[in-house]
Amino acid sequence: MVMCKVIFLLVVSSIGLSTFAQQRSFVTVSGNQLFVDNKPYYFVGTNYWYGSLLGLENDKRRGIERLNKELDFLKKNGVTNLRLMAGSEGSGPLNGVPRVEPPFQVTQGVFDESALNGLDILLDEMAKRDMRAVIFLSNNWEWSGGFQQYLIWNKVISEDWLTRKPDWDTLRDLVAKFYACEMCKYSYARQAARIVRRKNSANGKIYRDDPTIMSWQIANEPRPMRPEANVAYKEWIVETAQQLKNIAPNHLVSIGHEGWIGTQDIKLFEEIHADPNVDYVTIHIWPKNWGWFESGKMAEQYRLALSKTREYIDVNGAVAIKLNKPMVIEEFGLPRDGQSYSVGAKTMLRDNFFQTVIEKVRTHKYIAGANFWAFGGVGRPIKNQLFWKAGDEYMGDPPMEEQGLYSVFDSDRSTWDVIKREHKRIGR
């Protein structure tokens, strides 16, 4: 762990720190609330990970037109906080799943700066609309490379896992190795530092000086995966939070955590969020993925799933209250009625679920925002094709999930009615 920390700090010191002018428009934190310009900041947000890829499409003009259309739609409907992907690692399949491309870190230590041009464009357009960004810097899961790719590059796990799909227990065994791999953590740190200090090619702003960015997030759902990794995992979280805060002291730092389910331990969840460099608590809520209802019985068991949702918010919220920090419910999703992938299927249960979650924002002072998963925009699933293939339109569902599973499309009027109504209440 010491080696990793020293090397990372050398990376940070080599890039220097700019003199930060005090800007009133950065999102700040005081006690259990977020603030902008000394006023409490509450929001309805969404996950828009693919937004950073639209400006990189072969037909760049078409991609940017889609981006602007979707941002205008979100702003009009009261969604002003977007959770984004910074960049991916490696290319081709991982666990047999196609990765989103182009990668920022092409091979270990080799970066393609042009792969972040799409994020530049997105942040520039968000600034024009007074929107805020939360940017995750890597991934626990395979669809953007993430921790497994670092392990493969450093020969900790076999290249066979590029095409083989592990079962759940094997996946836990594989990813848990990341926290003991010094070169893996160094490669992550090097990538993170390059992203945070990047100069935006669209507007000339240095990322770490840009108030459009609310928070740098360590990763998407980083889990220790195995109890044996808990100590190394906690050390890495603490060190990485400090390193990010050193580079970008005007920005908030968050973990990207799912709540106690992500650590299988409420005490560990509390300990990592207690770190002074972690500015707020995050949780995710996945009733289907976590088995809160049986497959095919969502309607029959919905009340149970809703009860578990409320309980999960309360249990994790008690940690935020104890730590006197804000909490953001930054991922939550539910399939369409009948667990259908069809854009035309109804969303009565989803609408009620969204209402239940978003109404917690501001009703409980410490709950600052809720980002639903995920915005699908004008994208649409391809008929008779369940999974994403290279060249298909991006939607809210990553390549490893059925297209249309959780995406909220611009045509989902009843869902947008809920979102607009809650935005109006929150902004009162």
Side-chain angles (χ1 to χ4, degrees), residues 1 95 136-143 146-148 150-151 156-157 161 165-181 184-185 188 217-241 253-275 278 280-295 301 304-323 325 327-334 357 367 373 398 400-401 406:
M1 295 302 297
N95 298 161
F136 61 83
L137 296 167
S138 192
N139 204 339
N140 190 76
W141 312 113
E142 71 279 281
W143 54 273
F147 298 166
Q148 281 190 77
Y150 289 118
L151 290 164
V156 178
I157 65 175
W161 295 112
K165 186 171 181 62
D167 59 31
W168 175 239
D169 284 338
T170 302
L171 180 65
R172 293 174 68 196
D173 291 339
L174 295 175
V175 177
K177 297 177 186 295
F178 174 81
Y179 305 102
C181 174
C184 297
K185 291 181 289 188
Y188 161 92
Q217 198 155 89
I218 291 174
N220 177 47
E221 301 189 335
R223 292 183 170 200
M225 301 300 270
R226 289 294 190 187
E228 294 77 12
N230 283 357
V231 172
Y233 168 80
K234 179 182 175 181
E235 290 175 350
W236 180 73
I237 292 290
V238 169
E239 290 182 1
T240 304
V253 172
S254 51
I255 297 173
H257 205 273
E258 299 158 88
W260 73 261
I261 282 180
T263 50
Q264 296 296 302
D265 182 348
I266 193 72
K267 181 181 177 183
L268 180 56
F269 171 71
E270 178 181 332
E271 288 173 350
I272 58 177
H273 282 96
D275 184 79
V278 175
Y280 61 94
V281 174
T282 64
I283 67 169
H284 301 177
I285 307 173
W286 290 109
K288 176 183 180 296
N289 298 8
W290 294 345
W292 289 357
F293 59 83
E294 297 174 59
S295 181
Q301 299 176 3
L304 174 61
L306 206 60
S307 175
K308 287 181 175 291
T309 294
R310 293 191 180 102
E311 179 185 4
Y312 195 70
I313 293 172
D314 290 344
V315 169
N316 290 283
V319 171
I321 292 169
K322 180 179 179 180
L323 297 176
K325 292 186 178 185
M327 186 170 82
V328 173
I329 308 170
E330 65 172 21
E331 282 189 22
F332 58 98
L334 198 74
V357 174
I367 301 182
W373 186 283
M400 81 291 188
E401 290 188 330
Y406 291 120

Pairwise side-chain contact, Ile367 with Ile313, heavy-atom cut-off 4.5 Å (strictly under): yes
message: Using 0.5 Å steps for rounding, measure from the CD atom of Glu331 to the OH atom of Tyr406.
response: 10.5 Å
- prompt: Sequence neighbours excluded, which residues qualify as side chain to side chain donor-acceptor pair (under 3.5 Å) partners of Asn140?
  reply: none
- prompt: Lys308 and Ile285: side-chain contact (heavy atoms from CB on, under 4.5 Å), yes or no, with the steps?
  reply: CA-CA 10 Å; Lys308 287 181 175 291; Ile285 307 173; over 6 Å; no
query: What is the minimum heavy-atom distance between Val278 and Lys325, and which atoms define it?
result: O-NZ, 2.5 Å
Residues which pass salt bridge (charged side-chain N to carboxylate O under 4.0 Å, His left out) with Asp169, listed by chain and number, not counting sequence neighbours: Arg172, Arg226
- request: Report yes if some heavy atom in the side chain of Lys288 is under 4.5 Å from a heavy atom in the side chain of Leu334; otherwise report no.
  value: no
task: Find out whether Asp275 and Ile237 are in side-chain contact, i.e. whether some heavy atom of one side chain is under 4.5 Å from a heavy atom of the other.
output: no
- prompt: Is it true that a side-chain atom of Tyr233 and a backbone atom of Pro222 form a donor plus acceptor pair closer than 3.5 Å?
  reply: yes
- prompt: Asn230 side chain to Pro224 main-chain N or O, any donor-acceptor pair under 3.5 Å?
  reply: no
- request: Kindly give the heavy-atom pair with the smallest separation between Tyr280 and Ser254, and that separation in Å.
  value: OH-OG, 3.2 Å
task: For the pair Tyr312 and Trp292, name the ring-plane relationship: parallel under 30°, tilted 30 to 60°, perpendicular over 60°.
output: perpendicular
- prompt: Would you say Gln217 and Thr282 make side-chain contact, with heavy atoms under 4.5 Å?
  reply: yes
query: So, for Glu330 and His284, which heavy atoms are closest and what is the spacing to 0.1 Å?
result: OE2-NE2, 2.8 Å
field: Distance, nearest 0.5 Å, that separates CH2 of Trp373 from CD of Glu401
entry: 7.5 Å
query: Can you find a pair of side-chain heavy atoms, one from Thr309 and one from Val357, that are under 4.5 Å apart?
result: yes
message: Using 0.5 Å steps for rounding, measure from the CD1 atom of Ile255 to the CD1 atom of Ile218.
response: 5.5 Å
message: Just checking Trp143 against Trp141, ring centres under 6.0 Å apart?
response: no
- prompt: Could you give the distance from OG (Ser138) to CZ (Phe178), rounded to the nearest 0.5 Å?
  reply: 6.5 Å
- prompt: Step by step, would you call Thr240 with Leu137 a side-chain contact (heavy atoms from CB on, under 4.5 Å)?
  reply: CA-CA 11 Å; Thr240 304; Leu137 296 167; over 6 Å; no
- prompt: Judged by atom type as modelled, is there a donor-acceptor pair below 3.5 Å linking the side chain of Lys185 to the main-chain atoms of Tyr179?
  reply: yes
- request: Search all heavy atoms of Ile272 against all heavy atoms of His257 and return the closest pair with its distance.
  value: CD1-CD2, 3.5 Å
- request: Identify the heavy atoms of Ala305 and Phe293 that sit nearest to each other, and give their distance.
  value: CB-CD2, 4.1 Å
- request: Would you indicate whether the side-chain heavy atoms of Arg223 and Ile261 approach each other to under 4.5 Å?
  value: yes
field: Taking every non-hydrogen atom, the tightest pair across Phe269 and Gly259
entry: CE1-CA, 3.5 Å
Any Glu271 side-chain heavy atom under 4.5 Å of Asp265 side chain: no
statement: Interatomic distance, CZ@Phe147 vs NZ@Lys177, rounded to 0.5 Å, equals 15.5 Å
field: Contact check, side chains of Ile266 and Asn316, non-hydrogen atoms, under 4.5 Å
entry: yes
message: If I take atom CD from residue Glu142 and atom CH2 from residue Trp161, how far apart are they, to the nearest 0.5 angstrom?
response: 12.0 Å
- prompt: Is the side chain of Gln148 donor-acceptor paired with the backbone N or O of Leu174 at a distance under 3.5 Å, no angle test?
  reply: no
query: Would you say Asn139's side chain and Ala219's backbone share a donor-acceptor pair under 3.5 angstrom?
result: no
